[in-house]
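Predicted model only: the values in this text are computed from it and were never measured. Chain letters run A, B, ... following the sequence lines, proteins first and then strands; every chain starts at 1.
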2 protein chains.
Amino acid sequence: MNRLSSDRLDATFAALADPTRRAILARLASGEASVAELVEPFAMTQPAISKHLKVLERAGLISRTQDAQRRPRRLEAKPMAEANEWLEKYRQFWEGSFLRLDDLLDEMKGLETKGTNTRGARERAPGSKLGAGNKKRGRARSQGKTQ
Amino acid sequence: MNRLSSDRLDATFAALADPTRRAILARLASGEASVAELVEPFAMTQPAISKHLKVLERAGLISRTQDAQRRPRRLEAKPMAEANEWLEKYRQFWEGSFLRLDDLLDEMKGLETKGTNTRGARERAPGSKLGAGNKKRGRARSQGKTQ
DNA sequence: TAGTTATATAACCTAAAGGTAATATACATC
DNA sequence: GATGTATATTACCTTTAGGTTATATAACTA
């Protein structure tokens with residue numbers, strides 16, 4: 001929620017957004033592997049894989065050990081826990097298909113009552129066509145980087 | 001696991017890798033919102049937010065409805081379910097902190113025995129120092145995009 | 001110590017991502 | 001039909017991502 005965890009989420013999700021990197025993680029799930037072993041399945045040069053490994057490493061998803069000239073990587077899945085936590089907050093939205101989304105929203109709205117929504121943005125009832133009362137909300141443009 | 005779901009995961013994780021987009025999703029979790037309402041909290045222009053919305057839309061994470069000139073967005077969390085599923089496969093790796101990771105890996109290796117690893121990459125027992133038998137594996141450089 | 005193997009790094013290229021300002025489009029209203 | 005409001009689109013810019021080839025470094029081996 002704070003800036004730090006937001007940055008970590010950035011790095012984690014970005015690392016997971018590439019199929020090559022996900023495949024590398026899958027490979028490492030079955031045991032640590034050298035760079036050469038990680039290169040082997042891909043139609044890609046070793047430096048390219050080394051770059052992917054660096055991305056995964058900066059995201060904390062893998063670590064290196066040493067074994068002579070080899071630098072085997074191993075899986076470090078903890079950042080996934082944080083990504084998972086973030087996703088969990090939305091679980092009700094994908095699991096509750098038996099409820100219409102509107103109902104869920106209405107329900108949340110009941111619990112909310114200006115608790116979480118600190119910025120003064122107002123919701124209209126879903127399905128309501130009327131925009132009355134929407135005019136002249138303050139803009140309050142903020143500065144700096146998002147979140 | 002197939003190409004399609006891999007592409008969807010790419011799009012989903014990539015969409016989630018940006019803090020502005022995650023904030024937009026958080027906002028939409030409390031009810032649908034117009035573009036103007038989504039712009040309001042950010043130090044960013046409307047076209048920039050519209051671009052973010054397009055990214056979220058292509059990932060299937062939001063949809064648009066219509067209300068006069070307004071085009072309110074609503075949360076569509078289903079793609080998160082798939083991302084969640086992918087992460088779940090690694091849950092043991094971040095939850096099993098009471099076991100040393102090595103133990104988990106060893107355990108998996110017992111169950112595995114060349115079941116999943118179809119490409120001929122070989123594992124060495126962790127801690128094994130010998131690299132013999134690694135020479136002259138064919139490279140079989142293939143074409144096209146990964147996976 | 002010369003050679004070999006494993007990996008990292010550098011320099012470079014191209015395309016995509018994330019912004020901007022300016023402008024076009026669609027709908028509502030007077 | 002002119003005007004206002006909400007959103008989309010266009011043209012542009014800068015930075016980053018993902019790849020390449022060539023080369024450097026580090027550790028083992030003869």
Identify the pairs formed between an N or O of the protein and an N or O of nucleotides 14-18 of chain D at a distance under 3.5 Å, and give each distance.
residue : atom : partner : partner atom : Å
D:dG18  : OP1  : A:Arg21 : NH2          : 3.3
D:dG18  : OP2  : A:Arg21 : NH1          : 3.0

N/O-N/O pairs, protein side and nucleotides 14-16 of chain C side, under 3.5 Å:
none

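At the phosphate of C:dA8, OP1 or OP2 sits under 4.0 Å from a side-chain N or O atom of A:Arg73. Residue B:Thr45 places at least one side-chain N or O closer than 4.0 Å to OP1 or OP2 of C:dT20. Listed pair B:Ser50 / D:dT7 fails the phosphate criterion, with no side-chain N or O lying under 4.0 Å from OP1 or OP2. Proximity of B:Arg64 to the phosphate of D:dT7: no side-chain N or O atom is located under 4.0 Å from OP1 or OP2.
For the pair B:Glu37 CD and D:dT7 P, the computed distance is 8 Å after rounding to whole Å. Following rounding to the nearest Å, A:Leu38 (CG) and C:dT7 (C1') show an atom-to-atom distance of 12 Å. Summarising the geometry, the separation between CD1 on B:Ile49 and C1' on C:dA21 is reported as 16 Å, rounded to the nearest angstrom. Spacing between atom CG of A:Leu53 and atom P of C:dT7 amounts to 10 Å, rounded to whole angstrom units. A:Lys54 places its NZ atom 15 Å from the P atom of C:dT7, with the value rounded to the nearest Å. One can place CD of B:Glu32 at 16 Å from C1' of D:dT7, the figure rounded to the nearest angstrom. Whole-Å rounding puts the B:Leu16 CG to C:dA17 P distance at 15 Å.
A donor-acceptor pair under 3.5 Å is formed between the side chain of B:Tyr90 and the backbone N or O of A:Ala26. In terms of modelled atom types and a separation under 3.5 Å, the side chain of A:Gln66 and the main chain of A:Ala68 share a donor-acceptor contact. Side-chain atoms of B:Arg22 come within 3.5 Å of backbone N or O of B:Leu16 as a donor-acceptor pair. Judged purely by atom type and a 3.5 angstrom limit, B:Arg74 has no side-chain atom pairing as donor or acceptor with the backbone of B:Ser63.
Residues satisfying the side-chain hydrogen bond (donor to acceptor under 3.5 Å, both in side chains) criterion with B:Glu88, sequence neighbours excluded, are B:Arg91. Not counting sequence neighbours, A:Thr65 has no partner by the side-chain hydrogen bond (donor to acceptor under 3.5 Å, both in side chains) test. Applying the salt bridge (charged side-chain N to carboxylate O under 4.0 Å, His left out) test to A:Arg64 and every residue at least two apart in sequence or in another chain returns A:Glu57.
Hydrophobic clustering (side-chain heavy atoms under 4.5 Å, transitive across Ile, Leu, Val, Met, Phe, Trp, Tyr) groups A:Leu61 together with B:Trp94.
Here CZ of A:Arg21 is found 10.5 Å from CD1 of A:Ile62. Values are rounded to the nearest 0.5 Å.
With hydrogens and angles left out, the side chain of B:Gln46 and the base of D:dA8 share a donor-acceptor pair within 3.5 Å.
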(message) I need a per-nucleotide contact map over nucleotides 25-30 of chain D, read 5' to 3'. Cutoff is protein heavy atoms under 4.0 Å; write B for the base, S for backbone only, - otherwise.
(response) -SBS--
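Scanning all heavy atoms of the two residues, the minimum distance from A:Asp18 to A:Thr20 falls at OD1-N, 2.8 Å. Contact detail for A:Val35 and A:Arg71: the closest heavy-atom pair is CG2-O, 4.4 Å.
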